[in-house]
Protein chains: 2
Amino acid sequence: QYSQMPRSIGGLQAAGEWYVLRDMLPDLENAAVLDLGCGFGWHCRYAASQKASRVVGVDISARMLARARDITTEPNIEYRQLAIEDIDFPPRTFNVVLSSLALHYIADYAQVCRKVFDSLQPGGAFVLSVEHPIFTALAAQDWYYDAAGNRLHWPVDRYQEEGLRYTRFLENEVIKYHRTVTTWVNSLLQAGFLLQRVEEPAPTADIITQYPGMKDEARRPIFLLLSVIKPAV
Amino acid sequence: QYSQMPRSIGGLQAAGEWYVLRDMLPDLENAAVLDLGCGFGWHCRYAASQKASRVVGVDISARMLARARDITTEPNIEYRQLAIEDIDFPPRTFNVVLSSLALHYIADYAQVCRKVFDSLQPGGAFVLSVEHPIFTALAAQDWYYDAAGNRLHWPVDRYQEEGLRYTRFLENEVIKYHRTVTTWVNSLLQAGFLLQRVEEPAPTADIITQYPGMKDEARRPIFLLLSVIKPAV
């Protein structure tokens with residue numbers, strides 16, 4: 001089912017926030033890149049196309065990694081089946097770490113921030129996207145409708161109550177962790193990172209034309225994107 | 001009417017977010033402090049009580065400043081009637097600039113960020129609170145109620161649509177500017193600041209006991225607090 005979503009068929013170009021995330025990435029030429037929650041490997045292959053020297057994709061799903069390996073020909077991309085929390089790379093292994101829409105599945109985000117910090121070269125970048133706290137606050141993750149089925153507004157509640165949310169996605173129960181904007185940002189700062197940029201992308205007019213279902217995405221933020229750097233010593 | 005609100009009668013102790021804002025301020029001893037939108041001068045007098053060497057409070061309201069002057073005895077506090085956008089202090093005048101719940105009334109926030117940056121000493125801090133983007137997105141600034149008058153949730157809409165909101169506050173029409181989290185943070189980064197900390201305070205149990213009307217404040221963020229520093233050269 002996930003493989004039938006626009007972003008799974010059309011790849012990065014069909015993901016409304018990709019243009020913003022891409023713009024937040026540093027130059028990847030000759031970079032050692034780590035992708036946390038790589039899924040089908042779209043971002044890994046993008047990094048390879050930008051002449052990254054080495055790319056490691058980590059994902060917990062054997063099925064997604066099998067598909068990723070099927071559609072990957074670049075010899076310098078390596079996929080590892082691993083929970084994001086369990087990464088254990090030597091210090092200063094990577095120049096760039098990215099993570100697209102994966103960290104809201106992770107129980108201990110602060111620990112991941114510290115591990116990523118250690119795994120980066122000084123001056124290295126961590127660029128991440130997650131579901132926006134406004135989107136994750138209520139487990140229903142849906143609009144509030146009037147009797148005629150019109151979307152009245154996006155309901156927010158339980159915002160300050162961080163923790164597990166049992167949501168449904170494509171008919172499966174999915175466990176996510178709601179965190180406030182405060183936690184998403186401060187955990188990075190506390191790990192030692194310097195914040196470079198925050199984004200809450202809205203779909204472009206082109207994307208809305210191509211995928212009309214996205215027209216309401218400007219009414220509330222759905223993704224939170226953050227880019228940080230490890231200070232150069 | 002404003003003067004009848006808990007925070008106007010009880011001062012800073014009755015403002016739920018004060019404990020967090022205070023904790024984000026650097027040591028004020030011997031500091032030259034600027035308060036943007038000082039109102040009745042509570043923060044100015046707090047700064048003086050912390051042995052700031054000099055405190056300047058700026059506000060556009062002659063009436064608020066008259067009251068501030070009435071209740072201020074400290075000789076090193078100076079009040080100036082001025083729009084926040086019109087500040088024009090010499091470079092490096094202040095060690096600390098603070099602004100409590102005022103910048104959402106300002107049309108050109110990015111310019112204020114640049115002016116504050118210039119007015120600070122290297123290593124100086126800017127600590128600010130504003131109404132949270134989730135709170136300002138809809139002009140109604142109210143809960144969504146069921147037929148029985150219960151608060152169902154906080155409605156969010158028009159989030160990505162920055163700009164004017166005509167709201168009502170204590171029976172007066174008030175013009176505010178809605179900005180996204182992205183704009184509140186990135187404008188500071190673009191001015192040259194380093195982000196130190198983000199907070200979205202929820203009222204403490206003590207505050208809720210004292211002011212039961214605040215019990216729903218944990219259901220959605222109402223304030224966004226940011227502290228940044230100007231890099232030491």
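From a predicted model like this one, the values you see are computed outputs, not experimental measurements. Order of the sequence lines fixes the chain letters, A, B, ..., with proteins taken first and strands second; residue numbering starts at 1 for each chain.
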Task: Neighbours of chain B found in residues 121-129 of chain A - heavy atoms under 4.5 Å - done: none
Open item on the list: Heavy atom to heavy atom, less than 4.5 Å: which residues from residues 146-154 of chain B reach chain A?
Closed with: B/L152, B/H153, B/W154
Quick check for you: to the nearest 0.5 Å, what is the distance between [X] atom [atom1] and [Y] atom [atom2]?
{"X": "A/Q196", "Y": "B/L189", "atom1": "CD", "atom2": "CG", "result": "7.5 Å"}
{"X": "A/N186", "Y": "B/E200", "atom1": "CG", "atom2": "CD", "result": "9.0 Å"}
{"X": "A/T182", "Y": "B/E199", "atom1": "OG1", "atom2": "CD", "result": "5.0 Å"}

TODO: Heavy-atom distances under 4.5 Å only: say whether A/V185 touches chain B with side chain, backbone, both or neither.
DONE: side chain
Task: Heavy-atom contact with chain B under 4.5 Å, split by part of A/R220 - done: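 Both parts, heavy atoms under 4.5 Å.
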Task: Nearest atoms (heavy-atom pairs only) where B/Q160 meets A/P201 - done: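 Where B/Q160 meets A/P201 most closely, the heavy atoms are NE2-O, 3.8 Å.
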- [ ] Output the option from B/L194, B/T183, B/L225, B/V181 having the highest count of non-hydrogen pairs under 4.5 Å with chain A.
- [x] B/V181
